[in-house]
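This report concerns only the one structure given below.
All figures in this text were calculated on a predicted structure; none of them were measured in a lab. Note on naming: letters A, B, ... go to the chains in the order of the sequence lines (proteins, then strands), and numbering restarts at 1 for each one.
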Number of protein chains: 2
Amino acid sequence: MRRGEDMASLYVERWNEGAALSTAGTCPVRNVLDKIGDKWSMLLVMTLASGPRRFNQLHREVPDISQKMLTQTLRDLQRDGLVARQVFDTKPPSVEYRLTALGYSLIVPFGQLIEWANENIPRITAARTDFDQAV
Amino acid sequence: MRRGEDMASLYVERWNEGAALSTAGTCPVRNVLDKIGDKWSMLLVMTLASGPRRFNQLHREVPDISQKMLTQTLRDLQRDGLVARQVFDTKPPSVEYRLTALGYSLIVPFGQLIEWANENIPRITAARTDFDQAV
DNA sequence: CTGAATCCGGTCCGATACTG
DNA sequence: CAGTATCGGACCGGATTCAG
């Protein structure tokens with residue numbers, strides 16, 4: 001069992017093993033990660049991680065997303081099986097979104113990435129100013 | 001110390017603690033993760049993970065990237081301090097790119113995400129066909 | 001309340017040609 | 001070999017308006 005820094009070389013090995021696959025036609029990994037990498041998916045998944053939300057509730061908690069993108073992103077997440085959509089036949093109608101088990105399983109890798117970002121923001125911004133003034 | 005599935009709730013807690021920050025103006029986490037989410041960054045980082053590469057060497061290993069995007073993405077990665085660029089004054093000139101320590105530290109969270117994608121591609125494609133035929 | 005539909009500007013990104 | 005410059009299409013995504 002590997003631990004700590006050695007995990008990196010493990011991931012590199014796995015990556016290299018699968019590299020041949022990615023060159024042939026459409027790489028499924030890229031297909032999946034492109035969706036994840038869009039502007040709002042991760043944000044919505046992390047917001048839904050605390051529990052189910054209604055449409056406008058999500059809109060309030062993520063204020064700078066447009067209604068269009070909220071609808072569209074939720075639809076994509078639902079299509080990929082990460083989010084479940086439940087309609088309550090009330091008046092006025094209400095719709096609840098919640099993470100599926102699959103969606104919930106994304107929180108760990110997302111969390112790792114977010115943690116990495118938080119830890120390294122100072123280094124990155126420092127590198128940027130260095131680079132920009134060097135030019 | 002938490003382990004396994006409980007890590008998820010830990011990440012959710014941390015996310016909620018930092019949520020107030022992200023609403024105010026430009027969220028640094030989003031700033032960083034947007035770069036990660038672009039089309040080529042992750043691919044190049046994972047390719048450079050096996051060792052330093054020359055420009056055209058990278059071009060051959062990632063055949064479907066255009067020269068323009070290769071140049072641009074490498075520049076951005078260099079600017080963020082993830083990649084180091086070393087020019088050898090030979091004839092013809094050669095330039096070598098390698099991951100910095102910071103760039104190397106990205107491999108673990110990237111690896112986690114790629115592993116997640118690989119494991120769950122069947123579920124996602126199944127969900128997609130279900131969703132599409134339901135419509 | 002929960003969307004759908006439309007318009008439209010900005011950006012991404014590929015193709016091509018050219019340079020030192 | 002390692003880029004730069006320019007053009008042009010595609011697409012993302014915001015603002016607004018309309019509908020059930």
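Atom CZ of A:R75 is separated from atom P of C:dG3 by 10 Å (rounded to the nearest Å). Taking atom CG of residue A:L70 and atom P of nucleotide D:dG14, one finds them 11 Å apart after rounding to whole Å. When rounded to the nearest whole Å, the span between CG of A:L74 and C1' of C:dT2 equals 11 Å. In this structure, CZ of A:R30 is placed 12 Å from P of C:dC13, rounded to the nearest angstrom. Rounded to whole angstrom, the span from the CD atom of B:E96 across to the P atom of D:dC1 amounts to 15 Å. Rounded to an integer number of Å, the gap from A:D38 CG to D:dG13 P is 6 Å. In this structure, B:K39 places its NZ atom 19 Å from P of C:dT11, rounding to the nearest Å. Following rounding to the nearest Å, A:R85 (CZ) and C:dC1 (P) show an atom-to-atom distance of 16 Å.
The main-chain N or O of B:L82 is found under 3.5 Å from a side-chain atom of B:T100 such that the two form a donor-acceptor pair. Using modelled atom types, one side-chain atom of B:S105 and one backbone atom of B:L102 make a donor-acceptor pair closer than 3.5 Å.
When only modelled atom types and interatomic distance are considered, B:D38 and B:S41 share a side-chain donor-acceptor pair under 3.5 Å.
End-to-end axis angle of the helix from C:dC1-D:dG20 to C:dG20-D:dC1, from C1' rotation axes over five pairs per end: 40° (rounded to 10 degrees).
With contacts defined as side-chain heavy-atom distances shorter than 4.5 Å, the pair A:I114/B:Y11 does not qualify. A heavy-atom distance below 4.5 Å is not found between the side chains of A:Q86 and A:V95. You'll find the side chain of B:F88 stays beyond 4.5 Å of the side chain of B:P93, heavy atoms only. Taking the side chain as every heavy atom from C-beta outward, A:L77 and A:L99 never approach each other to under 4.5 Å.
For the segment residues 44-59 of chain A, residues with any heavy atom less than 4.0 angstrom from an atom of DNA chain C are, sorted by number, A:R54, A:F55, A:N56.
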Task: Check against side-chain contact (heavy atoms from CB on, under 4.5 Å), A:F55 and A:T71 - done: CA-CA 9 Å; A:F55 186 85; A:T71 303; 3.5 Å; yes

TODO: Please step through salt bridge (charged side-chain N to carboxylate O under 4.0 Å, His left out) for the pair B:R30 and A:D64, ending with a clear verdict.
DONE: CA-CA 12 Å; B:R30 272 197 247 174; A:D64 53 345; 2.9 Å; yes

Nucleotide N/O to protein N/O under 3.5 Å, stretch nucleotides 16-20 of chain D:
none

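One finds no salt bridge joining A:D80 and A:R75 here, because no Lys/Arg side-chain nitrogen approaches an Asp/Glu carboxylate oxygen to under 4.0 Å. Salt bridge absent: A:D34 and B:K39 never bring a charged side-chain N and a carboxylate O closer than 4.0 Å. Salt bridge present: B:E61 and B:R53 bring a charged side-chain N and a carboxylate O closer than 4.0 Å.
Comparing C:dT2, D:dG14, C:dG3 against the side chain of A:W40 picks out D:dG14 as the nearest. Nearest to the side chain of B:Y97, among C:dT2, D:dG3, D:dA2, sits D:dG3. Among the nucleotides C:dC13, C:dA4, D:dA2, the one closest to any side-chain atom of B:M69 is C:dC13.
Residue-level contact check: B:K91 touches neither bases nor backbone, having no heavy atom under 4.0 Å from any strand.
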